[in-house]
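Reminder, nothing fancy here: chain letters follow the sequence lines and each chain counts from 1. Here the structure is a predicted model, which means the values were calculated and not measured.
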Protein chains: 2
Amino acid sequence: MGSRSYGQYCGVTTAVELVGERWALLIVRDLLVGPRRYTDLKQGLPKIPTNILSARLKELQEGGVVRRIPLKSCGLVYDLTEYGRELEPIVVALGRWGFQAMGEPGIDDVVTADSLTIALRTAFQRDAAAALPPADYEVHVGDVALRVQVDGGELRIAQLAPPAPPVGGRMPDGVPELVFAAGPGIRRLISGELTPFAAIDDGVLQVLRGDETLLERFAATFHIEAGAAAPAAAA
Amino acid sequence: MGSRSYGQYCGVTTAVELVGERWALLIVRDLLVGPRRYTDLKQGLPKIPTNILSARLKELQEGGVVRRIPLKSCGLVYDLTEYGRELEPIVVALGRWGFQAMGEPGIDDVVTADSLTIALRTAFQRDAAAALPPADYEVHVGDVALRVQVDGGELRIAQLAPPAPPVGGRMPDGVPELVFAAGPGIRRLISGELTPFAAIDDGVLQVLRGDETLLERFAATFHIEAGAAAPAAAA
DNA sequence: CCGGATCCGAATCGATACTG
DNA sequence: CAGTATCGATTCGGATCCGG
């Protein structure tokens, strides 16, 4: 009964009926990084109730956004359909928009591997990167570790354990030129609020290995301009 | 407490906390067309409960997306902030994405002036239009009437009565070269599923005045490719 | 452990009525 | 015109439980 339809014949309306329910776009965000098992999604979305996760996955499948793939080696993954994958620029743009309104982290906010991966894609400055020499970073935020490789306009991000190597993921060889660790305060480096030097000085960030001047290159490569009006950062 | 937070420190998460609630993005969609009064919004969103509309407006203001402007001539409008206006490319992209999943209209789906305005912006092919001569259309869909002017890569859309001339809107002068009327089936013209000729033939569209060959130009100017996989059109 | 299904109280939504 | 108030219908959130 409860006709949940918005009652309009319109593309935007159709879109929000497909991916506008609570949690749906965050599931899509994580699947943009790669195929994920039910349990991976649950871990990447620590606060999602399991019934909601399974309901969303069902709806997203019915909407043609997500598909369920039985794995040869026993198991099961969810993946975006080709149609679902077309959401990538939209999710990235939303992330860029929302980034500007991020305040300080809530007391029990977490940074997950997938969300950080998308955040880096969001902040990636292709043109700036193309003009810079290739670089190879290892970034730690909380207990998430990412291998971030930039070569020309290309960006490659791999998630280091934990969690276990993602399905279909390929571990990069070689040694990163720069290894550093940060907390959520890394946001202030990406926003330009803090220079790399100031970030180290404030204890927001520590260089674990490598030449710390590479941080300048990192900051030039990953940046989100505080566009128009920096809103007062909602609660 | 029922902390409605998603518990993640992430731009995408922040964005959906700001505009991810039910109805919120549709309010933004309508405000992208121009400032609107409470009652305008209610008419443009016929199925929104009034308490939800006022709740969303309040939340959007707190989030720095919408602002409330007392009108000199007695009255009150809601408008997007500069930050809110940055959602335009995102809403347009979502509309383009959702367009591909639109099936046939539900029995009591409506097409509103604002949603059609955004739909045309969504479908606008700047490059194609720039290569074509200027054009001046009047489009009727249901009881919505739009004046659509294309000049080079520029698109201007004005809403003809009803409803009354929008606040701050300016009525175009002159006479449109082509006036036509359609139903929701206009979607099939924009998707390329129907040629202009076939659309007339099927009764999807009637030319009321002007040279019907201009419909070719209209179809070339407003088009949405059925990109990757045309999903099976959700219920 | 993986992939959910079930149950229940709390919060939100939807519809309508009403008010300054 | 611009909202509140109210109340039943849904949905969400949290926890537990179940079959492989």
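Regarding B:K42, its NZ atom lies at a distance of 12 Å from the P atom of D:dT4, rounded to whole Å. Nucleotide D:dC1 holds its P atom 13 Å from the CG atom of B:L41, rounded to whole Å. Rounded to a whole Å, the CD1 atom of B:I52 is 14 Å from the P atom of C:dT16. As rounded to whole Å, 9 Å separates atom P of D:dC1 from atom CG of B:D40.
Side-chain N/O atoms of A:N51 and base N/O atoms of D:dG14 include a donor-acceptor pair closer than 3.5 Å.
A rotation axis mapping the C1' atoms of four pairs onto the next four is fitted at both ends of the helix from C:dC1-D:dG20 to C:dG20-D:dC1 over five pairs, and the angle between these axes is 30° to 10 degrees.
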Any N/O pairs under 3.5 Å between the protein and nucleotides 17-20 of chain C? List them or say none.
none

Only distances under 3.5 Å count here; give the side-chain donor-acceptor pairs of residues 51-60 of chain A to other protein atoms, sequence neighbours excluded, each with its distance to 0.1 Å.
residue: A:S54; atom: OG; partner: A:N51; partner atom: O; Å: 3.3
residue: A:R56; atom: NE; partner: A:R22; partner atom: O; Å: 2.7
residue: A:R56; atom: NH1; partner: A:E59; partner atom: OE1; Å: 3.2
residue: A:R56; atom: NH1; partner: A:E59; partner atom: OE2; Å: 3.2

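Remark: A:D136 engages A:R147 in a salt bridge (charged side-chain N to carboxylate O under 4.0 Å, His left out) (not counting sequence neighbours). A:E138 meets the side-chain contact (heavy atoms from CB on, under 4.5 Å) test with A:H140, A:L160, A:P176, A:V179; sequence neighbours excluded. The salt bridge (charged side-chain N to carboxylate O under 4.0 Å, His left out) check on B:D30 picks up nothing, with sequence neighbours excluded. By the ring pair (Phe, Tyr, Trp, His ring centres under 6.0 Å) test, B:F180 pairs with B:F218, sequence neighbours left out. Listed by chain and residue number, A:E88, A:T122 satisfy the side-chain contact (heavy atoms from CB on, under 4.5 Å) test with A:V92 (two or more places apart in sequence, or in another chain).
Residue A:L76 is in sugar-phosphate contact alone, with no base atom involved, counting any heavy-atom pair closer than 4.0 Å across all strands shown.
Residues in residues 24-78 of chain B take part in no ring pair (Phe, Tyr, Trp, His ring centres under 6.0 Å) pair, two or more places apart or across chains.
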